Amino acid sequence: MSIFASPTSWIESGALDQCRQVAALPGMRHVAGMPDLHPGKGAPIGAAMTSSVLYPFLVGSDIGCGIAVFPFKLKRPVPEKLATRFPDLDVPDRSFFDEADVPAGCTDSLGTVGRGNHFVELARVGTVFDIDHADRLGLAGGDLVLIVHSGSRGLGERILRAHTEVHGAGPAEDPAAYLAAHDDAVRWGSLNRRVMAARVADALGAEHEPPIVDECHNSVEVRDGLYLHRKGAANGDGRDVLVAGTRGTPSFLVAGHAGADAGYSVAHGAGRKMSRADALRRGKAKHTVEELRRTPVGSLVVCGDRQLLFEEAPTAYKRIEQVIGDLVEHGLATKVVSTVPLVTYKTADVEPRRRGGRR
DNA sequence: ATGTAC
């Protein structure tokens, strides 16, 4: 077991307990904890876990969840104006995809963001740390990007449930069959992010390009004859990854250089510091809805759900700079650019949410 | 995390 966090980076003991439990599973060879490590449901989040057998529960239900970055071009990006123009990403819009292109034929929720830590954010490139690398990606300071964090919605959940109903937390009896369904969910998740980018571009009157970064962080792959599970950990083996900050702090686009001891992975975000229940309780005492909807960096958060706003408050997360610092210090990644949010969409701004209506 | 489980 290797944990890639400096001694000053606080890691909840429950997450380390979960890592030890996973490390003790039959066939487990290596567990790598990322600096955003925190407890999950049964398995730690922010970990790369390598074993001789495939454990679907280590990937979790949101198979193929990931973060994509799309270059956006907009004339005058005024957050107050743009926030009112975001499409309702809680409901699908079939005019943005062709049914024939959808993996597993699952079209019901394609192009929707979901809940929890998922978000769609229009951001501006802030600090450029590696000019050459940023240039290769076509990025310069001040450029606009759309960051989309979402996954496979109900599809991945159904794939995990089909396994757990029979085998619980046990290994896949037919790894090839699981992997085939998993790969569909990974492709579906990536398409989901692209459909959302198209929807947002259309609604904002923006030009957008294909993603320059799109890495999922809940997945399993066969590597060196073993199953490399990633839960809240992105492929950091020569890949570029957007490590998400919070709704009100920058995010960092990094170049991954992670080796075997790190499970060829990098962190996927700031990592929760508080459980959702704690964040809700403490957040209500500490913040007003207004200060969570207009952040210290001047961005706006579109979120008609008060509870979600508190659960996802920046103070419920670790400091992203510390997480990135740990990645850099351990040689897992180098910084390329930071992004600073302008508008972050969490869920429609009206409560109760409108269903199926047009804007 | 989830057209969810208690």
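Below, all heavy atoms of this structure are taken into account, side chains as well, without hydrogens, waters or symmetry copies. Keep in mind that what you see is a predicted model, and the values were worked out from it rather than measured. Below, read A as the first sequence line, B as the second, and so on, with proteins coming before strands; counting in each chain starts at 1.
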A:E157 atom CD is separated from B:dA5 atom P, nearest whole Å, by 7 Å
A:R115 side chain near B:dT2 phosphate (N/O to OP1/OP2, under 4.0 Å): no
Quick test of your reading of the model: are A:E80 and A:R294 salt-bridged, counting only N-O distances below 4.0 Å? yes
Just how far, in rounded Å, is C1' of B:dG3 from CG of A:L160? 17 Å
Would you kindly give the NZ-to-P distance between A:K41 and B:dT4, to the nearest whole Å? 13 Å
Just the rounded figure in Å: distance from C1' of B:dG3 to CG of A:D108. 8 Å
Once you round to the nearest 0.5 Å, how far does CG of A:D202 lie from NE2 of A:H208? 9.5 Å
Using a 4.0 Å heavy-atom cut-off across all strands, classify A:G116 as base, sugar-phosphate, or nothing. sugar-phosphate
Value in whole Å for how far the C1' atom of B:dT4 lies from CG of A:L308: 16 Å
Taking atom C1' of B:dT2 as reference, at what distance in whole Å does atom NE2 of A:H163 sit? 18 Å
Does A:H268 reach the main-chain N or O of A:G232 with its side chain, forming a donor-acceptor pair under 3.5 Å? yes
Measure from CD on A:E311 to C1' on B:dT2 and round the result to the nearest Å. 14 Å
Please classify the nucleic acid contact of A:R158 as base, sugar-phosphate, or nothing, using heavy-atom distances under 4.0 Å. base
Looking at every strand, decide which applies to A:G114 at a 4.0 Å heavy-atom threshold: base, sugar-phosphate, or nothing. sugar-phosphate
Test salt bridge (Lys or Arg N to Asp or Glu O under 4.0 Å) on A:E207 and A:K75 and set out the steps. CA-CA 10 Å; A:E207 282 180 48; A:K75 288 262 159 52; over 6 Å; no
Round to a whole Å and report the spacing from CZ of A:R153 to C1' of B:dT4. 12 Å
